Structure formats: structure tokens, C-alpha cells
Amino acid sequence: MNKHCKPLPRTVQDQQTEPSLRQSGKTLMHFVALSMASVLLSVVQCHTTHAAPEGTTASATGGLPPYIQSYLKQHCHQCHGEKKQKADRRLDQFSTEQALDEDAQDLLEEALDAMNRGEMPPREKGITEPSAQETQKVIAWITNYLGAARNAGKSSTTVLRRLNRFEYIRTIRDLLGVDIDSFDPTGDFPPDAKNHGFDNNGETLTLSDYQLQRYLEVAEAYLDQACYFDRPTPEKSTWSYTGKDFNGVLAYQRAPVTWRLIIPADSPADQIKQGDYIEIGHGQPSERHPNFATHFVRQGGVPADGWYQINIKAAAANRLNHGYEHAEFERYQQEPLKLALWIAPEARLLNKNAADQRRLTEVWDLPDGKPSVFSTKVWLRKGAVPFVSWANGVSSKGNIRRVAEKHHPEVIRATATQRDAAKLGDQAAQKLVKQLEQNENNAVLSERYHGPRVRVWNMDISGPIHEQWPPASHRLLFGDQIDASQIDLDELVLQFTTRAFRQPVKAEDVEHYVQFIRDRLALGNKPERAIKLGLIAILSSPRFLYLDEGNEQLGSALAPHELATRLSYFLWSSMPDEPLTEKANAGILNGHELGLETQRMLANPKAEAFVEHFTDHWLRIDTLGAMPPDPKAFESYYKDRLEIFFKQETRLFFADLLKENGSILNLLDSDYSFLNGALAQHYGVEGVTGEEFRKVRFKPKHHRGGLLGHGSVLTLTANGIETSPVVRGVWVMENILGTPPSPPPPDVEPLEPDTRGAVTIREQLKKHRNVAACADCHNRIDPAGFALEFYDPIGGYRSHYKSRAARNPPVDGSGNLVSGETFQNEQDFKKLLLARKDRFTEALTAKLLAYATGRQLTFRDDAEIKQIAAACAKQGYGLRDLITGVVNSNIFQQR
Amino acid sequence: MALPSLEAMSAPTDATATRMVCVGLNFGFVPRLFFPTNTGKNYELTERLAPLKKLRSDFTVFSGLDHGTEAQGGHGGVHAYLSGVLSKHSKNMPEANISVDQKAAQLVGSETRYPSLQIASGNDPNNQISWNASGVSLPPISKVDLLYSLLFQKVDPKLQKTTQAKQAARSSILDLVKTDAEYLQRKVGTQDKAKLDRYFTSVREVEKRLAQSREWLSQPKPKVDYQIPEGANTMDFIDRVPLYYDLMALALETDSTRVITLGLADIGANYGGFDISRGYHQLTHHGKVPEYITELSVIEQFHTAQFARFLRRLKSVPEGNGKTLLDNSMVLFGSGMGNASSHSNKNLPLILAGGGFQHGEHKSYFKDETQKNATPAGRLFISMLQRFGVETDRFGTASGTLPGLEVRG
């Protein structure tokens, strides 16, 4: 029946696009695959590469010797031979004479991996079981053979890698000393190509003319930020604003529902004029309507780049004592009201439709009643305008309108939509509009409405604050020289290229840059301009844009500066700093010193780049939001800003393990995580409120713990609408067990689901699984997903599905692995994962190495990965120990 | 680079120029509402094709064309719409996964202000449809006002001068950095050299592009009697799409470019302004539930209606010799998605209009009656390319033109 079967050799495409490798786990494939289960069953331990048993010496010149062929014939051909080709693989066509070609090698490697994991030959009725000894011998031979074959052929080393966008930005930050939070001109860089999730693979990263052109332009923009030639020290100013200085309207002018309420209308007239505070009665997480000081906008925002101190005096009012039924305001029973501070980079971006171009910088929990002062210091670019909003506010069209219709019907006016409908002749609308006309002379809503609101008394902005002049970025490049004509060009170029190229530079190798600047001066460019052009050129040089890691043909060990660079891009996604460079200069970056540097660098705040970027790409958290949750079904995802908090939870969890050298097994299951109020509410955990994250202990009833309880993982493995056990199953196999299943064979006919009868996803999938061609793989993929069915598409716990049909069927989270082990729910399932902790440790080690080296790992790396993982296990599974193991490995220290 | 003569500049419409437009949707169409059941001249228009009724003799609707088993991938297969080759398969192909529009632009790109224009309604990574010969996807323009200003906004003479100076400086920088590339080339290994080659190629391309744009900078942009409405960038999908089409028609009419792609991806916020209650993606997974299909049809019908409007617009512009802009423009409309409900990239919905082809039929290219074996859609692209003037009988993994698709006599 298997019409997809292809005899050896498989197609060129197969081989090109899915290079066989351990780390990606192509290794599993249809052949065996997918069975996390059988890892446990492994009868054969596989430290095979060290000492091959006698008689197993392989040379890469011949084919498979008779005893291997006979083993395959006895134990494999029955399912992978002439008659049957389970999972598309047949193992009866290996040559006994000729060296195997690459396709055959790949196939053999798949078989090897399956045997190593003890999955094949399967313990099934009708299949002759080989002795452990026999299998071990075969494994040893194949291991040796493949090792020799691969050694003879292509090398597997890191290919010249271009800085990806993430690394580029951080390198620029350290090289030029500019603030990268307030200014990111790289937004339109083409996305960096990914290889099994990682976007720092030298082979995969490409360069286009478009990208190169952007490098030229962006370098100039950054240099304009960094250089302060010939500019006087800016004066520090302070602007103080009170309620009356803000935009918006006074209550009595506004009808019928206002997004912002100012000064109760029954206040005395002088108080209205004085306006000692504004009231913000409505708000959205992504605020369309900014609250800003109009004078500050008229003066053009902040007058110069620099640090600014912003102080805001604010409080919450009527959080609980508003007198309305609580249905509309339920969230405030637990959560405080929150004030958001935003930055509009330019005044024109205060426009209501420009929300996505503004930057949320702070969110503060507000006290009830008596105001507090909240302070922050932010880097602002010239022209930027800070503004505030109610971060977790109610909506004017929804909550407030409903409250008004019930409690204040006399103030309801017709909406624009209703008026339009009436004009167009809609009779019901005409009737309604006529009826509401009676309210025209009544009070307006804001005079009557007494729901929760945010009060802001003051906003003070002062700056620019510069600790030194010229600012640090200028000093980094030119010292305190602010006269461009006085710069020593030879010195500048030598210093700058040494840092930019991340290694010692000879003057004669960079003198073309000096010459270039002199030529530009001769052409009539002003000194500042000529110097900048020279620096732009250096920032567009391949020696800056690519990591120079030597020449693998001349020796595989990285030279000291190359190693420093690799370490620094691993842990910081940026260039080496001075202490690291000095150790490389001194030639002592090895052994103990390398360990010290690793610890020092992990303790540096720059290591956040590792936490963020590694978890983003290992776990694919960067894809969160690619399939946005349905805004109607999952309102809280947007209302409570869950996406950003999900990411934060996973990062904090990982960062904590890193800091404490905590056990990586916590990633499989744990009795804690890091939550704030919004997440706690989402997870059903009581007693956690406010914006701040903290470590929270779970109880069994919370059904959380480990990565599989993180909203980030559960959301990115759903499509925003419904959950798919298939997607979640594949995710677990690839990222937790390092053994991704291969995609479905190309000519499988996709099934168009007809879900009219099916109520649960399990029933829907059953329709798929009834097709024999699919069942084989899906029996292996789906179980992990079934266990996670207790979580909805945004990771909320559910015991029942919400169904369009009348009944709400209960979630069935049970399943069985192909090993025969069964589980009832996600807790059981995590226990089965924990039983595979060594497999997980190896998988994580491989992911760390792939990330650290910027290449795909291959078969040749296998033995060392196992060693690193085993050493880490022996020490107690500490994450920091694992990182140290990675840094100390040959894989890391070689090209 | 062939610079246009001054004459051509002042009278920008070259009556004989052939143009190519490709419109790509990310979710395709519900097949049974799109494909006619009978073939030939007398086929019956389906619900989806109804808006094209009056243009019947100006387009051909195809069935039985797709990119075969190697270009499957559900949403991840859609980007092969105009190339027939998945990006991840493109590495060892001579021109990677170049798309048909860029193949055409290679021929005529230097003749106009913009070698080609890529436009998209949003930034959907699955719906990147224009790919260059290095296997890099070309970033599309989504902002209506940016598109308008690129095409028609007069450049301030002062700005023009500084831009020119900047571009000249950038060209000289490119000259300079080659020294470093050569330095590295002497040093690095063989695999790295391929990466440096890509660097050199990019340098040459940017040099070319800077030169072309410097030349055009001093040429005035065409004047058109068209204004985009205030706030166009943030308008709902339903209001923005007509603006893209309008600007495309004007770009062709003024010969600002001869090659355009338009990617229509997810509909964005506010349900795109459609009267529906679920997301576009959600609706495509309708599970055959009638109310879902009804809502999905609202969006799909909008797509064919807008396309029809665009064709009518092109048809209304005379270009000499009794021909219209539509006669001189081959317009492809369709998707790399065959059936979003099942994530199938087979049997792609494709319509070709204008361009001087013999139209008016529904042509089926299934190889047998089971409707399982389709013909490579790349053959349609070869027919288009040949008509465009590109001498080739191979494209992507396909070879030979599409039999039965004739040029109008």
C-alpha cells in the first residue's frame, strides 16, 4: 500500500534540504521515528565511538560486509525490504562491494540512530529479536564506517557567518555606545533565514543587495546618533504639567461617551479651569488615544537627544467603590489599575492610528486614592513625546456603554453609526435616533458616570541629562575631541577597525580607509562628514559584517580572538569587550581562564541576549504571534498583554536556572514558575497581583510546571483558533526530545476535514488516523499533543471544550506511547518525559552547541554531545554546568 | 544599463512595451466555488468568477496546474506561487527560486524608473511571492503613501542634490570595501568563499541600483491626476486594496515600471472591514460548516471583484494600434494555495488575463480523468515569459510552454 516508497537512492532534494544530522534529528525520520517511548527501552547503550569491538574496523572504501548484511536481512528486511517499505525506507539495497554514496550513508545513519535509541529492530510479534551483543557489534561497525566516510568527505565546520539582525544591533550598541531601545533603524531588514529554528547558521544566512544597501544606510543613521562634533553642551530644562495642560476635552463639552473624563462637571468653575488632575476613564493595552501635554507637543517634543527624567503623580479612583454591578469591572477585584508610560518618537505619531509605532516603556500599579509619584529615566531622541494611558482600562464602546444604558439611560445619545443607518432609511434606526433625541438636553455621560478611572496630577519631564560631554558614545570613538578636523585619522581607523573587526589589525591592512577619508576631504567634504563616511565604510566591510573564524583547511582550532568572538556571540550576541579581548591578546583564553570568563560574562546583563535569543529560537518562541489568537474568543490575550508576559515567563524561568545553576529537568517539570498578576489570573493561581513578576509555587490543582505549562509554548503550538495535538506533538519531539518527525511524504493526499459531525479535536483527528498511511506516524506524534489538550489555544487550562454544539465534551488527555506506556493526563505524561531525562539533556546540549557554533551538528559530533550531557547529568543537571561543558568542548573550540 | 532616451522620458508610455502583473492571495479559494465544472469556451461561470462576467473574453481560467509534489508545504508552500520552487530547495538551482516576475524584470528592469514593484497588503512571511535570482525574497511595500510618493511625488531639488551626493558617496564606499572582501578571500576556506561571492554579487547589484536611481533622480516623475485619501495606510483592508490596484494601473500607464506583484495577505484588524465575525484564517478552516463558508465567501468574492475592477481599468486605457493597456499587460491572478481547508498546494486557482493571449476559456490541464495528475504551472510561466520576450523554454523545474495557450492572432 505504501505508494510513497522510493527505492534507494532517495531524491537529491531530500538530501539537500534535510541534511542528515543529529541535532536536527532528521535521524528519526519515518524510519523509526517518532518514538520517544522507545528511548527508555534502549537495550543497547551507545558509547560506541570510543572503542570499537574487535573485528569491527571499517574502512570507507568498501560496502557493507556480509555479517552486517545478514543482520539487516534477518531483522530489518521484513519491513524495510523488497516487499514492504515501512516508513518509506528499504534497507536491502546497500552494496557489499562499493563505498556507499551519500544518500545511502544518510539512510544507514537513520538506521543507526534508530538502533542506538533501541527503537529498531522493534520488539514486535513476528520479528526476530537480535541479541544485544549482535546489535552492539553492528552499531559499532556502522558508527565507525560512517565516521570514516564522513571524515573522508566534506568537513562539517562553521561557514563564514554574517551577523544576524539581533547580533548586528547589539554589536553596534557596544561598538558605538548608542542606545538601541529608543532607536532601531533596522526594522525593515529582511528576516534572517532560519535553520531548525536558529537564525545564526552561517550556511543558511544569506546576503542580498537590498540588505547591503540597508547596511550602508543604517550605519549612517547610527553614526549620526553616536557623534557629537562641535555641539555645545545642551542646557537641562524641566517642564512641569498638571491636569489642565493635557489634551482632550472638558467633561461638559463632550457627549455622549467619552474616552477620557476630565474633572467632574459639578466641580466649581474655578476648579475646572485650574484642572489639578485629569481623569482617564477608558483605556486599551495598545492605546489609540494618547494623553499628552499639548504645550509639549507644540514645542516639538524633547529638544535634543539624551536621558530624560520623567516623574508622574497618579492614583486610581473608584476601583471598587463605583457602585455598579461588578460584571463589567470584575478584573479590578484582584488587579490594581495600571498606568502606562509611552513614548511617541515624533509628535505626528500621536495620531490615533499610529499606535504600533509608539513604544511602551513602563507600566505601574496604581495605589487607590492617595497619589504616588512614579519615576523613570529614559533615553529620548529629539522630538519624542512621552504620554500616558490606562493600561488595563475598560472600553468606552463596550463596558461603559453597557453601564450607561442600564444606569444612566437619560444620557444616551445616538451613535454615529445609528445616525448613518437612520439617514440611509433604516426604520428601526430612525425610531431609535428619534427616541434618543429626547436626551439631547440632558447631562452628558461623563457628568454622571462614576466608574473606575486613573487620575494623573502631574507629569514633569527634565533633561537632557548627560553625565559627561561629549556623551559616552562620542568618547568611545573620539575621546573628548569635538573638533573633527583635529582627529588623528590613522589612530582613529586603527582603533576602530581593531574593535569592529574583533581582532588585532595591521595598519597597512586598513590604510585604504585612512586614504579614503583623506580623499573625501580633498573632494571638499567637511571633516565630520569625511570621517563618518570612512566609518560607514568600515561598518559595511565584510570584516565587520561576517565573523572571521579562520580557515578550516589550515587547522580547526580557533585562534584566541576567534574563540573570544565565538564566546561573546554565544553569550552576548555581540562583540567581545575589553577584558575578554585582553585575555585573547595575552593568549591565555583557555582552561581555567576560559571558565572564569564564561562565568563573568554570564553574570553580565548583556547575557540577557543569550536567555532571550536562545529560548526564542530553541523553543520557537519568536513565532509567538505569527498566528494571532482570535480576538473575540481570546480577548484576554490582548486585554491583559499576555503575549509579552508569556515570553517574559519563559525567559525568567530560563534565566533563573542559569543564575542558580538550577537543574534543567525543571524545564520538563517543576512546581514553580515566574508569574505576575495577569499570568496568575490566566493560570488560575490565586494571590498574585500586580505587574511585577515573582517566583510562584504551584499546587497540583493548577496543572502547571515545566515548559509544557508555559503559555508561550502552548500558544505558539496552537494556531490561535484551536489546538492541534499534531503540532504540539511535533513540537515536543523536536524541541524536548531532539527527534523531530519528518514531514509527511510529499504525495500524501491532504484530507479536507469535514468537522460537521465531530465535536472534539480527538474525534477530528480520528478521522485522519483511520487512514492507514497516516496512522503509522501519527500514532507516534499525537500522544504528546493529547496530553496537552487540557490547554486551550492560549494556554488556559480547560477540563471541557467549549463547543458550538449544546454539550461541552470533557477533555480526554489520555494516550499511549508506542512503547506501550500509558498516561491519563499531562502530569502522567511529564513523568514519562522525566524518565527520558538523558535524552532531553542530549537534545538540549545539541541545541546549545548548534546555537553556539552557528552550524548544524552532524554525526561526528555525536560522541562529544553524549559526553557533555553525561557529565552534566553527573553533576546534577545544572544549566550553568551544561554551558560550561559546552564552552569547554572541542566542538565549541573548533571551527 | 540601458538608459531610456530623453524622448521616452517625456512621453513615458512606450506603446509596444509589454507588462506583467502577478497578484497572489495567501489562502486561495474554496475550490468548488472557484473552478468551473465544464471546460472550453462555453464553460459556466462559478459564483466566484461571476464578477468577471463582462470580461469573459479577456481571461482564461485554468485548472489542473500546480507545482507538483516538491512544492508542497501548506502555508509554507504558498511562497512558491510564482517560482514553483520552495526556498529551502533552491540552493543548488542556477537561479535559485527566482519568481516569474523577477525573471521578466531581468529583461526590462533597466528601462524604467523602478525595475519592478513589489506590493503587499501586509507583512505575511508566508505570502512572499517575489524572489530574486539569489534566492532572496524581495521586501514588499505596504504603505500606500510611500508607494504613491515613490511613483509620483516630485523630489525637492535640494533634496535631490543631497540624495545624489549621498548615493555617490555610497558608491565610493562599495569600491572601498571590496579591498576587505579580497583580503578575506585570500584567507578563508572554500566554503566561505561562496559566502564572499554573495557579498561581491550584492556589491555589484547595489552599485547598479545606485547608478540607475541616480540617473532617474534628475528625471521628473510623471504627473497624474490622482490623490490618495488621508490616512490611507491605516485604512481597513477593504478600503486599501482598491488603492493598491489604482496605483498599480497608474504605474503601468506611466511606464514607471513594467513588472508588479501584489500580495494580498491576511486582512488585518477590524476583520478587514468586512461584515464577518471570524478571522480570515479561521474561516478557511471551515470544516465544511455552511455559515463559515458564507463568511469566507464575502472575502473571496471581494478578491475577484477587485480583480475585475482592475482589469476593466486597464482595458479602458488605449495604447495605440487599437490596443489597450490590458492587451499589453499579462495579469496573473491566483494563489500558491490550492485548498486552504486541507492545506493543499495542489490544483492552484489561476487566472491569466490580457497580454495578447487568446482567452475566453476554462482550460483543464489534468492529465487524466481522476483529476489527480496536474501539469506543472511553471509551463504557464514559460508561456508568459516567452510572450514577454524572454527567450527560455525552462523555468524552475518546468520545461516547455503550456500547450493550447495561444497568442491572439
Side-chain angles (χ1 to χ4, degrees), chain A residues 12-13 16-17 157 159-162 188 190-191 193 202-203 206-213 216 353-354 509 512-513 516 520 525 533 536-537 540-543 545-546 548 550-554 626-628 630-632 719-722 743 746-747 749-756 758 764, chain B residues 69-70 72-74 86-89 91-92 125 132 134-139 166 169-170 172-174 176-177 179-181 183-184 187-192 194-196 198-199 201-206 209-210 231 233-234 277-279 281-282 285 287-289 339 341-344 346 372:
Chain A
V12 178
Q13 259 89 356
Q16 276 171 4
T17 56
T157 57
V159 177
L160 191 68
R161 36 174 180 149
R162 179 173 64 74
D188 57 355
E203 212 169 339
T206 59
L207 175 72
S208 61
D209 50 332
Y210 174 78
Q211 173 81 67
L212 182 62
Q213 195 168 349
L216 290 167
N353 283 326
D509 285 334
H512 53 293
Y513 290 109
F516 175 75
R520 297 305 303 190
N525 279 141
L533 285 173
I536 294 168
S540 312
S541 160
R543 297 187 69 186
L545 296 172
Y546 292 84
D548 177 1
N551 181 334
E552 80 273 12
Q553 275 118 7
L554 301 178
M627 291 272 185
D630 185 47
K632 276 199 181 139
N719 67 8
I721 294 151
E722 59 211 358
D747 47 356
E749 198 59 46
L751 299 171
E752 186 172 7
D754 183 345
T755 60
R756 279 170 296 190
Q764 288 173 29
Chain B
T69 55
E70 296 298 335
Q72 301 290 305
L86 294 181
S87 159
K88 63 176 180 178
H89 290 180
K91 221 168 169 190
N92 291 344
N132 72 11
S134 306
V136 176
S137 85
L138 301 172
K166 260 189 185 174
R170 283 182 188 146
S172 65
I173 286 174
L174 291 173
L176 187 66
V177 291
T179 315
D180 283 359
Y183 166 90
L184 278 180
K187 198 181 157 202
V188 299
T190 37
Q191 285 176 306
D192 301 333
K195 290 284 160 189
L196 281 174
R198 175 58 64 74
Y199 182 86
T201 311
S202 299
V203 167
R204 279 193 297 275
E205 289 295 319
V206 179
R209 191 191 299 212
L210 287 175
N233 289 343
T234 49
S277 60
R278 295 171 186 87
H281 178 224
Q282 182 181 12
H285 292 291
K288 300 187 180 170
V289 176
N339 184 353
S341 168
S342 61
H343 283 154
S344 164
K346 296 181 177 181
K372 288 233 157 108

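Any value given below was found using the heavy atoms of this structure, including those in side chains, with hydrogens, waters and symmetry copies removed. To find a chain, count down the sequence lines: A is the first, B the second, and so on, and within it residues start at 1. None of the values given here were measured: they were computed from a predicted structure.
Neither the backbone nor the side chain of Arg162(A) comes within contact range of chain B; no heavy atom of the residue lies under 4.5 Å from a heavy atom of that chain. Heavy atoms of Arg209(B) lying under 4.5 Å from chain A belong exclusively to its side chain. Contacts between Thr201(B) and chain A at a heavy-atom distance below 4.5 Å are absent for every atom of the residue. Residue Gln211(A) does not touch chain B at all, counting heavy-atom pairs closer than 4.5 Å. Contacts between Leu86(B) and chain A at a heavy-atom distance below 4.5 Å are absent for every atom of the residue. Proximity to chain A (any heavy atom under 4.5 Å) is shown, for Ser87(B), by neither the backbone nor the side chain. Contacts between Pro191(A) and chain B at a heavy-atom distance below 4.5 Å involve the side chain alone, from C-beta outward. Both the backbone and the side chain of Asn719(A) come within contact range of chain B, with heavy atoms under 4.5 Å apart.
Here Ser172(B) is the residue among Ser172(B), Gly135(B), Gly73(B), Gly74(B) with the most heavy-atom pairs under 4.5 Å with chain A. Each of Val136(B), Asn233(B), Val206(B) has some count of heavy-atom pairs under 4.5 Å with chain A, and the biggest count is that of Val206(B).
In this structure, the separation between CD1 on Ile173(B) and CG on Leu216(A) is 6.0 Å, given to the nearest 0.5 Å. The CG atom of Asp209(A) sits 10.0 Å away from the CG atom of Leu210(B) when rounded to the nearest 0.5 Å. Separation of atoms CG (Asp192(B)) and CD (Glu203(A)) is listed at 10.5 Å; rounding is to 0.5 Å. If you take CD on Glu205(B) and CG on Leu212(A), they are separated by 10.5 Å, rounding to the nearest 0.5 Å. The OG atom of Ser540(A) sits 7.5 Å away from atom CG of Leu174(B), with the distance rounded to the nearest 0.5 Å.
A donor-acceptor distance shorter than 3.5 angstrom exists from the side chain of Lys195(B) to the backbone of Gly202(A), with no hydrogens or angles considered.
Side chains of Tyr546(A) and Asp180(B): no donor on one and acceptor on the other come within 3.5 Å.
Scanning both residues, Pro542(A) and Tyr199(B), for their nearest heavy atoms gives CD-OH, 3.1 Å. Taking all atoms of both residues into account, the shortest heavy-atom contact from Ala537(A) to Val177(B) is O-CG1, 3.2 Å. Residue Leu160(A) comes nearest to Leu196(B) through the heavy atom pair CD2-CG, 3.8 Å, listed as atom of the first residue, atom of the second, then distance. Minimum heavy-atom separation, Ser208(A) to Ser202(B): C-OG, 3.5 Å. The minimum heavy-atom distance linking Asp548(A) with Leu184(B) is given by the pair OD2-CD2, 3.8 Å. When all heavy atoms are compared, the tightest approach of Asp630(A) to Gly279(B) is OD1-N, 4.2 Å.
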